[in-house]
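Any value given below was found using the heavy atoms of this structure, including those in side chains, with hydrogens, waters and symmetry copies removed.
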Amino acid sequence: MDNPWKPACIACAVLFVIALVLGMSGAFSSFSDSSLFSSSVSKEATAQKMVDFIGANYLASGVSARLVNVSEESGVYKVAIEYSVSGDKQVSSVYMTRDGKLLFPTSYPTTARTTAAITAQSVEQSCSAQSKQESALLEAFVVSSCPYGTQMQLVLADVVAGVPDLAKNIRVRYIGQVSNGTIYSMHGSNEAAENLRQICIREEQPDAYWQYVSCYINSSSSAECIKSTGIDLTRLTSCTTDPAKGITYAEKDFAIADSYGATASPTLILNGAKVSEFNFGGRNPEALKTLVCCGLSTQPGSCTTTLSNVSASSSRGNC
């Protein structure tokens, strides 16, 4: 399972280093070279110079910073920066004066806010940092016997049930490998066989995929779920036994997983970039719906549908 605290800790560590070196300590720091900035340039250019300045002077080796966006808030610039460390990425915001001479690691509101309001702002920030596509795609990489992966499958099934329009924007893929025509998975041959079964249903009987997965996770009986969901067993058997079908489908999943470095179940990829559901409220239908909608350049009206925000409990299996 991905550690939800890891990206946040990376970002905190980065900002702590900046704060320590610049002497911010809850206040602010001035740049010694004020010629880097000019009041005549745009806020984007000013923010970029600040990000370049931080990257060149205060980040440790292996840590990179990229400007995501900049906006004006309460008379200062709010700058969203993506920090990257060994493939892990996290977006955090800092603040700077409009002339670019003073940099603040964080802000401290002087008006009381509720926890819900703070959470909503955090989700909004995460949402604005996501790349947008007209046909967004959330890929969830799992294995069929990992309780955290099955958690994710059940939550996504709830999203599809609650907002059917988003079904085309969600795809479950599987982690594993093929050697000498045999599929292998991290928890043994039974899991590998079930991975292949689910892949074949997804590819050749997609209308039954979510119903089958929900049934299997809750009952663990593939035979019963095949029967109760109306899956064509002959067609399914043909897929799982024909290397030109099942194995070929699986190899494609595994190659895509490898290209993203997806080794933990679950791993989420939105529009080609790794993302964490914990930045959007947790592993629950509302958070995952929001995550998918944040990847869309044009959101359908159905994205306003409110789903459950109760986090899923882990199911059977080991991971």
Side-chain angles (χ1 to χ4, degrees), residues 2 4 7 66-69 71 80-82 84 87-93 119-142 148-149 151-175 198-199 202-203 206-207 209-210 213-214 249 252-262 264-309 311-312:
D2 284 337
R66 179 181 70 84
L67 174 64
V68 177
N69 59 51
S71 59
I81 304 174
E82 179 187 84
S84 179
D88 289 304
K89 297 180 180 180
Q90 175 69 23
V91 175
S92 296
S93 294
T119 301
Q121 183 185 50
S122 176
V123 171
E124 182 180 354
Q125 290 173 349
S126 296
C127 190
S128 65
Q130 299 306 311
S131 63
K132 317 291 184 185
Q133 292 183 12
E134 195 62 34
S135 298
L137 180 62
L138 175 67
E139 297 170 282
F141 291 86
V142 303
Y148 306 115
Q151 265 186 348
M152 181 59 67
Q153 286 179 290
L154 286 176
V155 171
L156 290 175
D158 286 342
V159 173
V160 170
V163 190
D165 289 353
L166 296 181
K168 63 182 179 298
N169 304 109
I170 298 171
R171 190 169 185 83
V172 175
R173 295 191 185 279
Y174 296 79
I175 303 168
Q198 293 184 17
I199 289 171
R202 183 197 68 196
E203 291 294 323
D207 290 344
Y209 176 79
W210 291 111
V213 163
S214 297
Y249 300 144
K252 181 178 179 181
D253 270 23
F254 302 160
I256 295 173
D258 289 344
S259 72
Y260 289 131
S265 174
T267 296
L268 297 181
I269 305 293
L270 178 63
N271 294 341
K274 190 176 292 186
V275 66
S276 172
E277 69 272 27
F278 295 100
N279 290 335
F280 294 83
R283 191 167 294 164
N284 61 73
E286 177 64 18
L288 269 295
K289 179 217 70 179
T290 299
L291 192 158
V292 175
C293 289
C294 284
L296 290 164
S297 53
T298 303
Q299 294 191 0
S302 55
C303 280
T304 62
T305 302
T306 300
L307 302 179
S308 170
N309 62 1
S311 294

Close side-chain approach of [X] and [Y], heavy atoms under 4.5 Å:
| X | Y | answer |
| --- | --- | --- |
| D158 | S308 | no |
| L166 | C293 | yes |
| F141 | M152 | no |
| Y148 | S265 | no |
| E124 | C294 | no |
| R173 | Y260 | no |
| L268 | L288 | yes |

Please round to the nearest 0.5 Å and tell me the distance separating atom [atom1] of [X] and atom [atom2] of [Y].
| X | Y | atom1 | atom2 | result |
| --- | --- | --- | --- | --- |
| N169 | N271 | CG | CG | 9.0 Å |
| L138 | I269 | CG | CD1 | 9.0 Å |
| L270 | L296 | CG | CG | 8.5 Å |
| I81 | N69 | CD1 | CG | 10.5 Å |
| K289 | I170 | NZ | CD1 | 11.5 Å |
| E139 | T267 | CD | OG1 | 11.5 Å |

F280 and Q130: CA distance, side-chain angles, deciding distance, side chain to side chain contact (heavy atoms under 4.5 Å, CB included) verdict: CA-CA 11 Å; F280 294 83; Q130 299 306 311; 3.8 Å; yes

Check against side chain to side chain contact (heavy atoms under 4.5 Å, CB included), V68 and S93: CA-CA 9 Å; V68 177; S93 294; over 6 Å; no

Problem - Sidechain N-carboxylate O distance under 4.0 Å for R171, E203 - result: yes

Looking at N309 and E286, would you say the former's side chain and the latter's main chain have a donor-acceptor pair under 3.5 Å? no

Of all heavy-atom pairs between [X] and [Y], which one has the smallest distance, and what is that distance?
| X | Y | result |
| --- | --- | --- |
| T305 | G162 | CG2-O, 4.2 Å |
| A136 | G295 | CB-O, 3.1 Å |
| E134 | S297 | OE1-OG, 2.8 Å |
| A287 | G282 | CB-O, 3.1 Å |

Item to complete: With side chain to side chain contact (heavy atoms under 4.5 Å, CB included) as the test, would you mind laying out the steps for V160 and Y209 before giving the verdict?
Response: CA-CA 11 Å; V160 170; Y209 176 79; over 6 Å; no

- Query: Can a donor-acceptor pair be found between the side chains of D165 and S302 at a distance below 3.5 Å?
  - Reply: yes

- Item | Full working for side chain to side chain contact (heavy atoms under 4.5 Å, CB included) between Q198 and V142 | CA-CA 11 Å; Q198 293 184 17; V142 303; 5.7 Å; no

Q.
More than 12 heavy atoms of other residues, nucleotides or ligands under 6.0 Å from NZ of K252: yes or no?
A. no

